[in-house]
Peer 1: 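Okay, handing you the structure first.
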Amino acid sequence: PDKPAEDENSGAEKVPDNDDDGDQAGPSILEDDRPIRPAATTHFEESENLNETQPADDDAVPSEPEPIPKIKQKEAQPFIDLFGEREARCVYSRHWVLREQAMKDIGEKIKDEQTSQDRSLVFRVSSSLLKIALADKLPQVYMAALNVLTILMGTVACHLKRAEVHAYVEPL
C-alpha cells in the first residue's frame with residue numbers, strides 16, 4: 001500500500017501527491033534567508049536615460065530649455081525662424097514638460113496667427129514639427145501635438161489647396 005504506484009504504460013513510478021497532508025519539499029518563501037538584491041537598473045533610471053520620464057519633482061525641470069544639439073541645428077532652423085528660439089529649443093528638450101509646453105505655445109501662435117509668414121510656409125514647417133512631436137512616446141506630448149494638428153487643420157489648411165495639405169499631412 002505505501003509502495004509508489006507504477007504507470008501502466010511506461011513502467012515508471014508515480015510520485016505520490018503531498019498536497020493532501022501539507023508536507024512541502026523545501027523551505028517556504030518566508031523561511032528563505034537569502035539576501036534580496038536590488039535590480040541593476042530601475043524603470044525610472046531606464047526611462048531617464050531615454051529622456052521620457054516625468055521628473056521626481058517640479059524643481060528638476062529647468063525654466064529654460066537646453067540648447068539644441070548641434071546635429072539638430074539645421075533641422076531646427078525653420079522652427080526657430082517661424083516660432084522662435086525658445087519654442088524650438090523646447091521641442092528638442094530632454095524634459096517632456098517643456099516639449100508639451102512647446103506644442104501648446106505653438107498651437108496658440110498658429111491659432112492667434114502670430115506668425116508673420118504665409119500660410120503655406122506655416123503649414124509646411126508645422127507639419128515637419130508635428131512629425132517629430134507625434135513620434136514622442138509620452139502621451140502628454142503626443143496629445144498636445146494632436147491638438148496642434150487640429151488647430152493647423154482648422155485655421156491654416158482650409159486656406160490651402162487640397163493637394164498641398166495632403167502632401168504634408170500624409171507622412172504624419
Side-chain angles (χ1 to χ4, degrees), residues 29 34-172:
I29 294 174
R34 291 179 290 175
I36 298 174
R37 293 179 297 202
T41 59
T42 63
H43 176 68
F44 177 78
E45 292 167 340
E46 289 172 4
S47 53
E48 181 73 287
N49 292 336
L50 297 174
N51 301 322
E52 298 173 354
T53 187
Q54 181 176 358
D57 55 30
D58 293 337
D59 297 333
V61 177
S63 60
E64 284 299 314
E66 58 273 6
I68 298 171
K70 291 188 190 276
I71 197 164
K72 301 284 186 178
Q73 289 279 339
K74 186 176 180 181
E75 179 183 311
Q77 194 57 50
F79 308 144
I80 295 169
D81 294 342
L82 189 59
F83 298 114
E85 171 111 17
R86 186 179 196 297
E87 279 76 13
R89 288 172 52 197
C90 287
V91 167
Y92 290 98
S93 176
R94 296 177 337 154
H95 302 285
W96 72 267
V97 175
L98 294 176
R99 295 193 308 268
E100 179 188 29
Q101 190 59 48
M103 290 295 105
K104 290 178 180 178
D105 292 345
I106 288 169
E108 288 300 314
K109 284 186 177 187
I110 292 170
K111 191 187 306 182
D112 297 340
E113 296 186 47
Q114 292 179 3
T115 57
S116 59
Q117 306 293 329
D118 66 88
R119 290 184 174 115
S120 181
L121 178 64
V122 170
F123 196 80
R124 181 176 51 83
V125 172
S126 298
S127 297
S128 298
L129 175 76
L130 287 172
K131 192 172 183 182
I132 294 168
L134 289 172
D136 202 302
K137 294 180 182 178
L138 285 172
Q140 294 90 337
V141 179
Y142 181 80
M143 293 303 290
L146 285 179
N147 189 40
V148 171
L149 179 60
T150 303
I151 292 168
L152 192 63
M153 296 304 285
T155 59
V156 179
C158 59
H159 299 288
L160 301 175
K161 294 180 183 174
R162 182 178 183 183
E164 185 177 9
V165 171
H166 183 73
Y168 291 120
V169 173
E170 184 180 21
L172 299 179

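On a predicted model such as this, the values are computed, not experimentally measured, just so you know.
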Peer 1: How would you list, by chain and number, every residue that makes a side chain to side chain donor-acceptor pair (under 3.5 Å) with Glu85, sequence neighbours excluded?
Peer 2: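 With sequence neighbours excluded, Glu85 shows a side chain to side chain donor-acceptor pair (under 3.5 Å) to no residue whatsoever.
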
Peer 1: Calculate, to the nearest 0.5 Å, the distance between atoms CE and CG belonging to Met103 and Asp136 respectively.
Peer 2: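 The CG atom of Asp136 is 9.0 Å from CE of Met103, to the nearest 0.5 Å.
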
Peer 1: Using distance only, find each side-chain donor-acceptor pair of residues 73-80 under 3.5 Å and give its atom names and separation, not counting sequence neighbours.
Peer 2:
unit_1, atom_1, unit_2, atom_2, d
Gln73, NE2, Ile68, O, 3.1
Glu75, OE2, Tyr92, OH, 2.7
Gln77, NE2, Asp81, OD1, 2.8

Peer 1: Testing Leu129, Leu98, Asp105 for side chain to side chain contact (heavy atoms under 4.5 Å, CB included) with Val91, which one passes?
Peer 2: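 Among Leu129, Leu98, Asp105, the one that satisfies the side chain to side chain contact (heavy atoms under 4.5 Å, CB included) with Val91 is Leu129.
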
Peer 1: Just verifying a value: how many Å separate Met143 CE and Leu134 CG, rounded to the nearest 0.5 Å?
Peer 2: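 Between Met143 CE and Leu134 CG, I get 10.5 Å after rounding to 0.5 Å.
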
Peer 1: Which value, rounded to the nearest 0.5 Å, describes the distance between Ser126 atom OG and Leu149 atom CG?
Peer 2: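 Those atoms lie 10.0 Å apart.
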
Peer 1: Mind checking what makes salt bridge (Lys or Arg N to Asp or Glu O under 4.0 Å) contact with Lys104, not counting sequence neighbours?
Peer 2: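 Only Glu100 meet the salt bridge (Lys or Arg N to Asp or Glu O under 4.0 Å) criterion with Lys104.
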
Peer 1: Can you give me the closest heavy-atom contact between Ala133 and Val141, atom names plus distance?
Peer 2: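 The pair with the smallest heavy-atom distance is O-CG1, 4.2 Å.
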
Peer 1: Can you name the residues that form a salt bridge (Lys or Arg N to Asp or Glu O under 4.0 Å) with Glu64, not counting sequence neighbours?
Peer 2: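 Salt bridge (Lys or Arg N to Asp or Glu O under 4.0 Å) check on Glu64 returns Arg86.
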
Peer 1: Considering only heavy atoms from C-beta outward, does the side chain of Met153 approach that of Phe123 to under 4.5 Å?
Peer 2: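 Contact flag for Met153/Phe123 side chains = yes.
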
Peer 1: Please tabulate, for side-chain N and O atoms in residues 155-172, each donor-acceptor pair with protein atoms closer than 3.5 Å (sequence neighbours left out).
Peer 2:
unit_1, atom_1, unit_2, atom_2, d
Thr155, OG1, Ile151, O, 2.7
Glu164, OE2, Ser120, OG, 2.3

Peer 1: For the residue pair Leu152 and Leu130, establish whether any side-chain heavy-atom pair is separated by less than 4.5 Å.
Peer 2: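 A side-chain contact under 4.5 Å exists here.
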
Peer 1: Look at the side chain of Gln101 and the backbone N and O of Cys90, then say whether any donor-acceptor pair between them is shorter than 3.5 Å.
Peer 2: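 Pair absent, no side-chain N/O of Gln101 close to backbone of Cys90.
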
Peer 1: Examine distances only and state if a side-chain atom of Ser93 and a backbone atom of Arg89 form a donor-acceptor pair shorter than 3.5 Å.
Peer 2: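 Judged by distance alone, no pair lies under 3.5 Å.
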
